[in-house]
Amino acid sequence: MRPLDWVVMFCWLVFIVSYGLYRGRGSSTMNKYLLAGKSMPWYAMGLSIMATQASAITFISTTGQSYTDGMRFVQFYFGLPIAMVILCATAVPIFHRANVYTAYEYLEQRFDAKTRSLVSLIFLIQRGLAAGLSLYAPAVVLSIILGWPDRATTIVMGVLVMTYISFGGIKAVTWADVQQMSLILCGLVLALVLAIHLLPSSVSFSDAVSLAGAAGKLNPVTFNFDWDDRYNIWSGLIGGMFLALAYFGCDQSQVQRYLTGKSIAASRLSLLFNAVAKIPMQFFILFIGAMVYVFFIYERPPLLFQPVELKNVQHDARFPAVERRYQLAYADRKQAADEYVQANHAGDRSRRQASIEHYRAAQQELNEAHTAGEHLVGKEFDDTNYIFLSFVTRYLPAGVVGLIVAVIFSAAMSSASGEINSLATVTVIDIYRRHVKREASDRHYLIASRFATVFWGCFAMGFAQYGRNFGALIQAVNVIGSLFYGGLLGVFVLAFFFRGVGANGAFFGVLAGEAAIFAANLFTRISFLWYNVIGCVVVVLVGLAVSRIFDRVARTP
């Protein structure tokens, strides 16, 4: 980075931390620290929820996902608006009226302590792992810009995040997110404008869109039904809806956001805001990735986008042959793209069809050459997460690079801080206060929350050391969530809609649901989006069956 980039990044980070601490002042009680005294307006909650989703992983990985696989990932969010409407009618009023700190407190009111503890433990495991990936994302940034080891960077970022949360609480996190989201939107627009502006003058915007479409990058809706396909309209509408129901209705990191609302109406508005805005924003981010793909048609991309690994493999005896193959494939693709654009302008259909076939064949050869380059590092290596950052750091002007990096850093801090805050909340409220020290002062639990924050920050840093092994980070986060969300969703469905189900039915239902999910993961190739459906259905069916058995035993003289 150039000096101006450092100045821009440093100034923004100082501002956002200072602003968050300023807005979070006065968080001196448990209620204020964990729930902001239930004082948040709807727009602050809505932007905070959106900023948490628009994390560093969104910038780093979603754009790369579009570059490699096209825009069909947007279908993942098609079920979200439906889920938001359902939650506005169910979870929001129920949790507010129950007057709870966590969603899992409600489970003890509805069932018993063992069900609450089991579900709390499941949340702690899955959200702790996800927090680790949130910390790993900015490490990718620094490894590209500075050449620092990403593992050391996760530790530095983790310490900063823990310090930030400990002082400000959820109020600081929420108000900082409002500012983060403003910068994120500006960064998104700027990145797209510059990606298009940097194209050759002979390539118009319509040409760029046509080239992306011909390569299969503009595929936001696919109707084929395939259990093994992660992203199609059916898995998005059904599986995505179940995942969104679990994420926003059962995950404390999101529930805690709208529990801070000053009223039920405000909390509902925050969710409906996301129902309307999330899909267009995700579409926009994926479109940026598609335009970056077109940019690299005319500017030769490196064999590997990860610069450290690229330098390392240059000493491999196989490298010259792979690099030569890659150069030839790139030149062939560029020529095919030029032929396609010329055929489009001439309106020659037969020539256009021939050029499309040449263009796609050249792209396939380039993909295979790139894969061969990845295999020089190792068969599991995947540099998807480095694509967008390579574009930003190598081609955007001074100042803009610092701004984009500031967006990624601040978003990462926001996402990780919200997750770690919710982990500390569940640890203290659902585990420590419930089972370890039931009668203590408010200050005691406030201090315990800060210690829990440090613990979960360390846990997240530890798991982040393995972030490089998870391929596209945006997929890794959702896969981890889907291993657990089905069980969480199922128990809340029982709690809300099946009044005849008792504590034993709920407890054993969750265990059976999680067993079914892990069996599907280990022994089938079903897309992870369907895990949420499988887990929820199994929890409900087993819960109903077990409750009927226990009722029958209880009636037996």
Side-chain angles (χ1 to χ4, degrees), residues 79 82-83 86-127 238-239 241-252 254-255 426 429-431 434-435 481-524 526 530-557:
I82 304 171
I86 294 172
L87 292 174
C88 284
T90 55
V92 171
I94 289 173
F95 290 148
H96 267 275
R97 289 165 186 161
N99 195 29
V100 294
Y101 280 97
T102 74
Y104 317 122
E105 272 188 282
Y106 170 76
L107 291 179
E108 182 168 3
Q109 296 178 14
R110 173 64 180 83
F111 296 121
D112 63 359
K114 72 176 184 295
T115 303
R116 173 186 178 182
S117 298
L118 173 63
V119 174
S120 299
L121 182 63
I122 291 173
F123 166 76
L124 292 174
I125 293 171
Q126 71 89 12
R127 185 47 58 188
I238 302 172
M241 180 188 71
F242 275 77
L243 179 58
L245 283 171
Y247 181 52
F248 293 99
C250 312
D251 190 312
Q252 178 65 19
Q254 297 304 308
V255 172
V426 172
I429 298 299
D430 294 298
I431 305 298
R434 177 63 182 82
H435 297 288
S482 294
L483 289 174
F484 300 96
Y485 279 146
L488 294 180
L489 178 60
V491 75
F492 280 98
V493 169
L494 289 176
F496 292 167
F497 302 110
F498 295 89
R499 305 305 299 180
V501 172
N504 289 313
F507 182 81
F508 289 108
V510 173
L511 292 177
E514 285 303 313
I517 292 171
F518 277 90
N521 176 257
L522 294 172
F523 304 115
T524 75
I526 294 175
W530 294 107
Y531 297 171
N532 305 286
V533 182
I534 293 169
C536 180
V537 171
V538 170
V539 171
V540 171
L541 293 178
V542 172
L544 290 170
V546 170
S547 292
R548 181 167 298 181
I549 292 170
F550 272 87
D551 287 345
R552 190 175 302 158
V553 171
R555 288 196 300 267
T556 301

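Reckoned from all heavy atoms, side chains included, excluding hydrogens, waters and symmetry mates.
What you find for R110 and F498 is that their closest heavy atoms are NH2-O, 2.7 Å. When all heavy atoms of V539 and G509 are compared, the closest pair comes out as CG2-O, 3.2 Å. Contact record, L494 with A506: CD1-CA, 4.0 Å, taken as the closest heavy-atom pair. Nearest heavy-atom pair across S120 and D430 is OG-CB, 3.3 Å. Shown here for L488 and F492, the closest heavy-atom pair between the two residues is O-CD1, 3.1 Å. Counting all heavy atoms, side chain and backbone alike, Y104 lies closest to Q252 at OH-N, 3.2 Å.
Residues V255 and T102 have side chains not in contact (no heavy-atom distance under 4.5 Å, counting atoms from C-beta outward). Residues R127 and D251 are in side-chain contact: their nearest non-hydrogen atoms beyond the backbone lie under 4.5 Å apart. Looking only at side-chain heavy atoms (C-beta outward), L121 and I431 stay at 4.5 Å or farther from each other. The closest side-chain heavy-atom distance from L107 to V491 is below 4.5 Å.
No donor-acceptor distance shorter than 3.5 angstrom exists from the side chain of T115 to the backbone of F111, with no hydrogens or angles considered.
In this structure, CG on L124 lies 10.5 Å from OG on S117, to the nearest 0.5 angstrom. Considering CG of N521 and OH of Y531, their distance stands at 4.0 Å, rounded to 0.5 Å.
E105 and R434 are not joined by a salt bridge, as no carboxylate oxygen comes within less than 4.0 angstrom of a charged side-chain nitrogen.
Of the candidates H435, E108, Q109, R116 forms a side chain to side chain donor-acceptor pair (under 3.5 Å) with just one, namely E108. Residue C536 forms a side chain to side chain contact (heavy atoms under 4.5 Å, CB included) with just one option from I517, V493, L541, and that option is V493.
Aromatic ring orientation, F518 versus F484: perpendicular (interplanar angle above 60°, classes split at 30° and 60°).
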